[in-house]
Amino acid sequence: MADESWRLPNSVQQLAANMQEPPSQYLLREQELLGGNLAGAEMPEPVPTIDLGLLSASNDPEEAAKLLSALKTWGFFQISNHGMEASMMDSVMTASREFFHLPLEEKKKCSNLIDGKHFQVEGYGNDQVRTQDQRLDWSDRLHLRVEPEGGRNLAHWPTHPKSFRDNLHEYALKCKRIKSDILRAMAKILKLDEDCLVNQFNSNAPTFARFNHFPPCPRPDLVLGIKPHADFPALTVLLMDKDVAGLQYLRDGTWYNVPAACDHTLLINIGLTMEIMTNGIFRGPMHRVVTNADKERISVAMFYGVDPEQEIGPIAHLLSEEQSAQYRKMKAKDLLVLHHEHYAGGRGPRIADALKI
Ligand SMILES: O=C(O)CCC(=O)C(=O)O
Ligand SMILES: [Fe+2]
């Protein structure tokens, strides 16, 4: 039988513990560096920060204008005054760190490999390796379905640290409210009914939590923590490491560094699903994560998608004779397959452009 061991990536944490040259599957090739380096540029302005409390309570025109401008230029922004206690954010970070610091055998109890070899979306491990020449990410992750609540598969939910499950449950409740506040604010600036975007999410709409762990990497000049991608779901709520930066967004051909989030803000970006629903008025930004030679980094992303059986297409109220539909309609689950094939193959730059009519 053919040797298929390349399909089963190593734990990056274990590779990092050896601190040797990363295996060749992790090293970017000359053409992938595109003549540039991974250092990234400083953003020409501070990360746009929206006071979500003010925006939601009073529809403050200044905050609404900031949101519109952030979505049109960057596709991401930070939110302050979002109603989530700083202590809760710290607890989620601490529980994540404690989980990733457990012995490998303990984490493997939540493995994303069935019988040690068949990949499944949920659980602890690495992204699926689809081809032998795929560049691998210098990160381990834990991926969990959080909503609908009835769809949780607790077999993948860590029991250590003890606080993990309760923390995630509480955190998800708060994030859900934040997500709805943002969707309402976005609907208003698009001059849609206030609940038009919220209503795109029915009771089967999935929310996934993705805990990312980026161990120190001996070759930050040649290895990425997460390769360039745009998020698939409609909206991402990201809790970032307070001390270590690493996230970069692409704008007009330049990769910009997002500073570490030291002030209990949350970072929001929109994804492909939202880009299509808004007919491209807002675009899901390409981003990637670089590695750090000395320090580990942790991030926790909450991904808000629509029902896989739902057809995604531009919202009818945004279309007119002058504004025709720019994207083909497709079921969310079919689009997801295309999305994974596209980014795993390292193809770029944006799958959204390939979906244009
Ligand atoms: O670690 C980060 O800051 C971003 C993670 C990310 O892009 C993702 O999980 O899709
Ligand atoms: Fe992402």
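Values below: all heavy atoms of this structure, side chains included; hydrogens, waters and symmetry mates excluded. Order of listing sets the numbers, starting from 1, for every ligand and every atom in it.
Close contacts between ligand 1 and Asp231 involve ligand atoms 10 (O) [criterion: under 4.0 Å to a heavy atom]. Below 4.0 Å from some heavy atom of Phe214 lie the following atoms of ligand 1, by number and element: 1 (O). Those atoms of ligand 1 with a heavy atom of Phe303 less than 4.0 angstrom away are 8 (C), 9 (O), 10 (O). Near His287, with a cut-off below 4.0 Å to any heavy atom, the atoms of ligand 1 are 7 (O). Taking every non-hydrogen atom of Val289 and a distance limit under 4.0 Å, the qualifying atoms of ligand 1 come out as 1 (O), 2 (C), 4 (C).
Contacts between Arg297 and ligand 1 below 4.0 angstrom, taking non-hydrogen atoms only, involve the side chain exclusively. By the criterion of a heavy-atom distance under 4.0 Å, neither the backbone nor the side chain of Leu267 is placed next to ligand 1. With a 4.0 Å heavy-atom cut-off, ligand 1 is reached by no atom of Thr236.
Remark: the backbone N or O of Ser139 is not paired with any side-chain donor or acceptor of Asp137 at under 3.5 angstrom. Judged purely by atom type and a 3.5 angstrom limit, Lys331 has no side-chain atom pairing as donor or acceptor with the backbone of Ile312.
The protein non-hydrogen atom at the shortest distance from atom 9 (O) of ligand 1 is Asn212 ND2, 3.1 Å. Looking only at protein heavy atoms, the nearest one to atom 1 (O) of ligand 1 is Ser299 OG, 2.7 Å. Here the protein heavy atom with the shortest distance to atom 10 (O) of ligand 1 is His229 NE2, 3.1 Å.
Ring-plane geometry between Tyr249 and His287 is classed as tilted, the angle between the planes lying from 30 to 60 degrees on a 0 to 90 degree scale.
For the pair Lys117 and Asp115, the salt-bridge criterion is not met [side-chain N within less than 4.0 Å of a carboxylate O].
In this structure, Phe76 is not a member of the same hydrophobic cluster as Leu183, with clusters built from ILVMFWY side-chain heavy atoms closer than 4.5 Å.
For the pair Arg152 and Trp157, the cation-pi criterion (under 6.0 Å, within 45° of the ring axis) is not fulfilled. Because its NZ or CZ atom is not both nearer than 6.0 Å to the ring centre of Tyr171 and within 45° of the ring axis, Lys176 does not count as a cation-pi partner of that residue.
In this structure, Val337 shares a hydrophobic cluster with no other residue, the cluster being traced through Ile, Leu, Val, Met, Phe, Trp and Tyr side chains under 4.5 angstrom apart.
When all heavy atoms of Pro148 and Pro206 are compared, the closest pair comes out as CD-CA, 4.3 Å.
Annotation: protein N, O or S atoms under 2.8 Å of the Fe ion (ligand 2) (waters excluded) comprise His229 NE2, Asp231 OD1, His287 NE2.
Ring centroids of Phe208 and His143 are separated by less than 6.0 Å, placing the two rings close together.
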